[in-house]
Asks: 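Input: one structure, supplied below.
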Amino acid sequence: MADISFYTGEDIPLELHKVRIVQKLDLVPVERRAEAIREAGNNTFLLKNKDIFLDMLTDSGVNAMSDRQLAAMMIADDSYAGSATFTRLENKLEEIFGTKYFLPSHQGRAAENILAMTFVEKGSIIPMNYHFTTTKAHITRLGGSVVELITDEGVRLTSDNPFKGNFDLEKLEDLMKKEGKRIPFVRIEAGTNLIGGQPLSLENIISVADIAHKYKKLVVLDASLLQDNLYFIKTREESAKGLSIKDITKKIAEKMDIIYFSARKLGFARGGGISLHDRNLYLKMRELVPMFEGFLTYGGMSVREMEAMTVGLDETMDESVISQGPLFIKYMTDELVKLGVPVVTPAGGLGCHLDASRFIPHVRQEEYPAGALAAALYIAGGIRGMERGTISEQREEDGSEHLASVELLRLALPRRVFTLSQVKYAVDRIKWLYDHRDIVGGLRFVEEPSSLRFFFGRLEETSPWQDKLVKAFREDFKDSL
Ligand code: F0G
């Protein structure tokens with residue numbers, strides 16, 4: 001989006017695209033919504049799409065595609081081996097990252113599996129700014145552990161720090177000195193998913209790589225949310241203002257040994273992969289691709305998606321394309337701040353994040369405030385968000401609860417999918433819920449899977465608060481949905 005100002009002074013993001021295909025949405029009545037969330041075990045992952053009005057669960061695999069992407073899908077080459085589609089994708093990655101080699105995987109976590117199987121063993125320590133759920137699960141499954149080195153500012157939910165995803169460089173240096181032997185690589189997650197899509201600065205990324213290389217450690221970039229991070233570097237970092245998005249990408253990529261990504265986010269398509277410069281490292285990981293993903297020239301992806309990804313990666317280098325997500329998120333965040341609703345600031349990438357600890361402070365962390373808020377907002381507006389708090393954590397080995405450092409309800413804004421009036425509706429229902437927050441109570445597990453429990457776990461209300469919420473809604477909205 002370009003910097004287009006309004007004569008009236010209104011400050012809203014202006015879309016630089018037009019909508020050419022639409023999908024009809026339904027908004028079911030509040031009574032049905034209360035029933036649906038119960039059927040789903042109070043877990044928004046288990047809701048059915050027919051019951052959802054605004055699906056803000058994720059930005060993964062649900063971004064709107066461009067006409068150029070759809071056109072490219074028609075020329076995909078389906079050969080099992082040696083497909084021209086693969087070559088086009090490999091070349092595009094070389095153009096933007098400068099990497100010679102590419103290992104395709106069916107999505108981001110499959111790339112994480114390959115990396116973990118290659119480099120992680122029992123006792124390994126993987127330093128990172130912050131963990132992501134699937135990343136951590138792969139590392140711990142193999143007996144490794146994760147050490148988070150985010151700055152203290154990173155987990156401070158209200159802040160004006162533009163780069164809350166940054167590493168604490170002193171902590172990194174200390175860990176390298178103390179535990180260097182156990183560290184196979186340092187992982188940089190740019191932007192940082194679980195703390196509100198917060199970016200790292202270019203300066204911090206380069207310093208992390210320099211420290212890791214000083215200790216002869218590999219540097220691995222999780223570039224799944226890189227498009228938002230690139231936009232933030234360009235617009236928030238003084239020394240990067242004169243650089244193009246392409247220049248910034250190059251400067252980051254040349255410092256990395258390995259770049260992996262979920263193409264469900266980066267590249268507006270579906271899939272994933274690992275890009276790298278070094279042939280020996282490439283050979284080390286290569287045999288795992290045909291074993292777990294598919295042949296080396298598709299890696300479990302559909303070739304159509306690979307064509308869409310190639311074009312999507314090209315479009316990612318266009319600031320007016322990648323600004324849409326961050327600008328809509330900023331609009332939603334700023335409106336909620338104006339209404340006094342507790343949200344993570346500054347606005348990051350991926351989505352707008354409600355701070356459940358301050359939204360419903362009367363719900364104890366052991367009763368999962370972020371999960372309760374997700375259920376409540378679905379009832380209030382048919383809006384599906386994602387719990388990013390204690391439910392998304394794993395229990396400790398002794399079975400005790402691992403309380404999350406932040407309790408967030410993530411409201412993702414898949415790129416180019418929602419209109420501004422839909423965002424305004426979401427803001428309106430969130431404000432209504434905030435004014436009725438005292439009604440919202442906690443949740444407890446009735447079915448708890450032992451790993452990645454947030455996907456399939458089922459919970460129930462700890463007191464009958466949901467019917468009260470429906471009643472309050474009906475008083476204010478009468479015949480309206
Ligand atoms: N790394 C990051 C930073 C991610 O956000 C994700 C996925 C992955 C890795 C795994 O990629 O889904 O393609 O296997 N994030 C999604 C989300 C699931 O909703 O935030 P994947």
Side-chain angles (χ1 to χ4, degrees), residues 43-45 47 55-63 103-116 126 128-139 141 146 148 150 154 164-165 185 187-200 205 220-230 232 256 258-275 292-293 299-302 305-306 308-309 312-313 325 329 344 348-353 370 374 384-389 391-392 406 408-415 417 451-452 454-456:
N43 180 347
T44 55
F45 276 98
L47 284 166
D55 192 357
M56 297 185 160
L57 184 75
T58 180
D59 63 339
S60 172
V62 290
N63 296 294
L103 294 166
S105 64
H106 74 273
Q107 61 183 90
R109 69 199 68 182
E112 290 173 335
N113 180 40
I114 291 170
L115 286 165
I126 315 295
M128 53 187 72
N129 42 347
Y130 208 74
H131 79 280
F132 183 68
T133 50
T134 55
T135 327
K136 186 170 173 177
H138 280 299
I139 292 168
R141 179 174 63 85
V146 160
E148 290 171 339
I150 193 95
K164 292 203 304 183
F185 64 84
R187 172 179 174 272
I188 302 175
E189 187 179 304
T192 315
N193 187 325
L194 295 189
I195 56 162
Q198 298 292 326
L200 293 88
I205 293 174
V220 175
L221 175 70
D222 180 343
S224 303
L225 289 166
L226 187 65
Q227 58 187 357
D228 298 334
N229 206 128
L230 290 169
F232 290 127
M256 301 298 128
I258 295 173
I259 301 171
Y260 78 91
F261 56 94
S262 166
R264 299 176 66 83
K265 295 178 189 278
L266 186 70
F268 310 99
R270 292 158 202 90
I274 305 172
S275 281
F292 292 101
E293 299 300 308
M301 286 183 275
S302 116
E305 293 292 344
M306 288 163 71
M309 194 198 301
L313 287 167
I329 294 162
V344 174
L350 203 168
C352 172
H353 293 72
R384 167 157 82 160
M386 188 190 289
E387 193 268 3
R388 297 277 76 161
I391 297 176
S392 296
V406 290
L408 303 180
L409 172 59
R410 177 178 96 180
L411 300 169
L413 287 180
R415 294 157 191 92
V417 168
S451 81
L452 297 175
F454 59 93
F455 283 135
F456 307 121

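This chain uses plain numbering: 1 for the first residue, then up along the sequence. Side chains included, hydrogens not; waters and symmetry mates left out as well; all remaining heavy atoms used. Since the structure is predicted, the reported quantities are computational estimates derived from the model, not experimental observations. In each ligand, atom 1 is the first atom listed, and ligand 1 is the first ligand listed.
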Asks: Output all residues satisfying ring-ring contact (aromatic ring centres under 6.0 Å, His included) with Phe45, sequence neighbours left out; order by chain, then residue number.
Replies: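 Once residues adjacent in sequence are excluded, the partners of Phe45 under the ring-ring contact (aromatic ring centres under 6.0 Å, His included) criterion are Phe454, Phe455.
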Asks: How far is atom 13 (O) of ligand 1 from the closest protein heavy atom, and which atom is that?
Replies: Ser262 OG, 2.6 Å
Asks: What protein heavy atom lies closest to atom 5 (O) of ligand 1? Include the residue and the distance to one decimal.
Replies: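 Protein heavy atom with the smallest distance to atom 5 (O) of ligand 1: Asn193 ND2, 2.8 Å.
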Asks: Looking at Gly389, is its backbone amide N or carbonyl O close enough to the side chain of Glu387 to form a donor-acceptor pair, meaning the two atoms are under 3.5 Å apart?
Replies: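 Checking the backbone N and O of Gly389 against the side chain of Glu387, a donor-acceptor pair under 3.5 Å is found.
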Asks: Need the ligand 1 atom indices (1-based, order shown) with element for anything under 4.0 Å from a heavy-atom of Glu112.
Replies: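 In order of number, 1 (N), 9 (C).
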Asks: Just to check, does Arg270 reach to within less than 4.0 Å of ligand 1 when the distance is taken from its heavy atoms?
Replies: no
Asks: Between Arg264 and ligand 1, which residue portion shows a heavy-atom distance shorter than 4.0 Å: side chain, backbone, both, or neither?
Replies: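 Within the 4.0 Å criterion, Arg264 contacts ligand 1 through side-chain atoms alone.
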Asks: Using a 4.5 Å cut-off on heavy atoms from C-beta on, say whether the side chain of Leu225 contacts that of Asp59.
Replies: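 Sidechains of Leu225 and Asp59: in contact.
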Asks: Taking the side chain as everything from C-beta on, heavy atoms only, tell me whether Arg187 gets closer than 4.5 Å to Phe132.
Replies: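 Of all side-chain heavy-atom pairs linking Phe132 with Arg187, at least one is under 4.5 Å.
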Asks: First locate atom CE of Met309, then atom CZ of Arg270, and finally report the distance between them rounded to the nearest 0.5 Å.
Replies: 10.5 Å
Asks: I want to confirm something. Looking only at heavy atoms, which of Phe261, Tyr130, Phe132 is nearest to atom 8 (C) of ligand 1?
Replies: Phe132
Asks: Would you say Gln107 and ligand 1 have an N/O pair spaced under 3.5 Å apart?
Replies: yes
Asks: Show me which atoms of ligand 1 lie under 4.0 Å from any heavy atom of Thr134.
Replies: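 Going through ligand 1 atom by atom, the ones under 4.0 Å from Thr134 are 10 (C).
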Asks: Polar contacts were defined as any N/O atom of the residue lying under 3.5 Å from an N/O atom of the ligand; does this apply to Thr58 and ligand 1?
Replies: yes
Asks: So is Glu189 polar-close to ligand 1, meaning N/O to N/O under 3.5 Å?
Replies: no
Asks: In Å, rounded to the nearest 0.5 Å, how long is the span from OG of Ser105 to CD of Glu112?
Replies: 9.0 Å
Asks: Has ligand 1 got any nitrogen or oxygen that is less than 3.5 angstrom from a nitrogen or oxygen of Lys265?
Replies: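 Yes, Lys265 has an N/O under 3.5 Å of an N/O on ligand 1.
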Asks: Do we see a donor-acceptor contact under 3.5 Å between the side chains of Arg141 and Asn113?
Replies: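 Yes, Asn113 and Arg141 have a side-chain donor paired with an acceptor closer than 3.5 Å.
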Asks: Using a 3.5 Å cut-off on N or O atoms only, is Gly108 in polar contact with ligand 1?
Replies: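 Between Gly108 and ligand 1, an N or O pair is found under 3.5 Å apart.
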Asks: Test Asp228 against Arg415 for salt bridge (charged side-chain N to carboxylate O under 4.0 Å, His left out), laying out the working first.
Replies: CA-CA 11 Å; Asp228 298 334; Arg415 294 157 191 92; 3.0 Å; yes
Asks: Kindly write out the residues that satisfy side chain to side chain donor-acceptor pair (under 3.5 Å) with Arg384, not counting sequence neighbours, or none if the list is empty.
Replies: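 Side chain to side chain donor-acceptor pair (under 3.5 Å) check on Arg384 returns Asp55.
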Asks: Please list, in number order, the atoms of ligand 1 under 4.0 Å from a heavy atom of Met386.
Replies: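 Taking each heavy atom of Met386 in turn, ligand 1 has 19 (O) under 4.0 Å.
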Asks: Hey, is ligand 1 close enough to Arg187 that some N/O pair sits below 3.5 Å?
Replies: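 In this structure, Arg187 places no N or O atom under 3.5 Å from an N or O of ligand 1.
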Asks: Can you report which non-hydrogen protein atom sits closest to atom 3 (C) of ligand 1, along with the distance?
Replies: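 Sorting protein heavy atoms by distance from atom 3 (C) of ligand 1 puts Asp222 OD2, 3.3 Å first.
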Asks: Using 0.5 Å steps for rounding, measure from the OH atom of Tyr260 to the CG atom of Leu103.
Replies: 14.5 Å
Asks: Answer yes or no: is there a side-chain heavy-atom contact under 4.5 Å between Val220 and Met128?
Replies: no
Asks: Among all the protein's non-hydrogen atoms, which is closest to atom 12 (O) of ligand 1, and how far away is it?
Replies: Arg109 NH2, 2.8 Å
Asks: Does only the side chain of Arg410 get under 4.0 Å from ligand 1, or the backbone, or both, or neither? Count heavy atoms.
Replies: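 Under 4.0 Å from ligand 1, Arg410 contributes side-chain atoms alone.
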